[in-house]
Number of protein chains: 2
Amino acid sequence: MKNIKPKLIALFKEGYCTPQIARIAREINEPSATIHYNIKKMEKEDAIRTYKAVFDYKKIGEGFCVYILLKLTAEAGANPDMIANELARNKAIESVDLLAGEMDVIMKVRAKDQDEFYELLRSLLARKEIERSTSMISLRQVKSEFVLL
Amino acid sequence: MKNIKPKLIALFKEGYCTPQIARIAREINEPSATIHYNIKKMEKEDAIRTYKAVFDYKKIGEGFCVYILLKLTAEAGANPDMIANELARNKAIESVDLLAGEMDVIMKVRAKDQDEFYELLRSLLARKEIERSTSMISLRQVKSEFVLL
DNA sequence: TTAGATAACTGAACATTAATCAAATCTTAG
DNA sequence: CTAAGATTTGATTAATGTTCAGTTATCTAA
């Protein structure tokens, strides 16, 4: 047994998919060469970043989902981009945004369960630039990445 | 001019993409029939929900991104699923989660600009089940849908 | 308004890829 | 050990994406 599944999950999280030109052409009743032309144009303009899979995260062992708000120290808060970029590299983090208002950063993280989340949180909050944080645990994911679950 | 672009955006937000089996096979050095078998298995198990595009949302006129927290009334809070499902139907809403703790719902919405967001917010908050809300405006989207921006 | 230039569209030929299938191999439970 | 089921794989077939040249539409400047 080759255990292909985790490799597929890793690849599909960020890409390795492609548009179904023929199906779209049928759906909106246009020639497939026209669809092809328009898609390539959007790709060239960088309006499309990638094509990827959306998972049932429970079924791939990432069912525990939490939103974390961060308040940075005064110094770090003046230049939050660097910290945000470093956080964003973490594979468990689905999204990172810099915020206006009371808190500086919001991120959405996925883990297997509470225990795995706790370890993740500990490692994330180990940075000295973080003054405090609040976690909001998702009890039910109704929609994610524009897809109803 | 046929204005295909908005149709493509609508289709790509939720699907109309497919895995690149041959490319994955090359990447991880396995026969493409094996990759095909494993992907179909994951699809059958419903571990994969869909294949979709990720956009540079600024470039498709959805650059204004906000997280909204909702506190429901006591009655509605006892059964928040129905309200969450209704909210999730809105095309401008990227994600909806039910929360543990102080607030009941968090959602991520995308609009063209502040004006469009204001109209959206007004329509969303018109529901009598919502006791109060807080909006957190994203100043910079560092990562979204597992994709670095 | 018009001519020229550029962008968008499209059918047809071609290249690549996905899907299928049958045989071989591996895994598991009794 | 053995039988049943799951996984892997090469080879064939079906379907799809890509290219290109010719057409049509749109835009720009005189």
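Just so it is clear, the structure is predicted and the values come from calculations on it, not from any experiment.
Between Lys41(A) and Glu45(A), at least one side-chain nitrogen of the basic residue sits less than 4.0 Å from a carboxylate oxygen of the acidic one, meeting the salt-bridge criterion. Looking at Glu145(A) and Arg49(B), no side-chain N of the basic residue comes within less than 4.0 Å of a carboxylate O on the acidic one, giving no salt bridge. Ion pairing between Glu43(A) and Lys40(A) holds under the 4.0 Å rule for side-chain N and carboxylate O. For the pair Glu30(B) and Lys2(A), the salt-bridge criterion is met [side-chain N within less than 4.0 Å of a carboxylate O]. Classification of Arg132(A) and Glu102(A) as a salt-bridged pair holds, one side-chain N sitting under 4.0 Å from a carboxylate O.
Val109(A) has its side chain out of reach of Asn90(A): every pair of non-hydrogen atoms, C-beta onward, lies at least 4.5 Å apart.
Distance alone, capped at 3.5 Å, is enough to place a donor-acceptor pair between the Asp56(A) side chain and the Lys58(A) backbone.
Between Tyr67(B) and Tyr67(A), the angle of the ring planes goes over 60°, which puts this pair in the perpendicular group of the 30/60° scheme. Ring pair Phe64(B)/Phe117(B) is tilted by interplanar angle, where 30° to 60° counts as tilted.
Along DNA chain C, the nucleotide nearest to Arg23(B) and the one nearest to Ser32(A) differ in position, and the one closer to the 5' end is contacted by Ser32(A).
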Using nucleotides 7-11 of chain C, report all nitrogen or oxygen pairs with the protein that are shorter than 3.5 Å.
from	atom 1	to	atom 2	distance (Å)
dA8(C)	OP1	Lys41(A)	NZ	3.3
dA8(C)	OP2	Tyr37(A)	OH	2.8
dA8(C)	O5'	Tyr37(A)	OH	3.4
dC9(C)	OP1	Lys2(B)	N	2.9
dC9(C)	OP2	Asn38(A)	OD1	3.4
dC9(C)	OP2	Asn38(A)	ND2	3.0
dT10(C)	OP1	Lys2(B)	NZ	2.8
dT10(C)	OP2	Thr34(A)	OG1	2.7
dT10(C)	OP2	Lys2(B)	NZ	3.3

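Where DNA chain C pairs in unbroken runs of 3 or more (Watson-Crick or G-U, both distances under 3.5 Å), the stems are C:1-30 with D:1-30.
The distance from atom CD of Gln20(A) to atom C1' of dA18(C) is 11 Å, rounded to the nearest whole Å. The distance from atom NE2 of His36(A) to atom P of dC14(C) is 18 Å, rounded to the nearest whole Å.
In summary, of the residues considered (Arg110(B), Lys108(B), Lys91(B)), a side chain to side chain contact (heavy atoms under 4.5 Å, CB included) with Phe146(A) occurs for Arg110(B) alone.
Where DNA chain D meets chain B (any atom under 4.0 Å from a heavy atom), the bounding nucleotides read 5' to 3' are dA6(D) to dT26(D).
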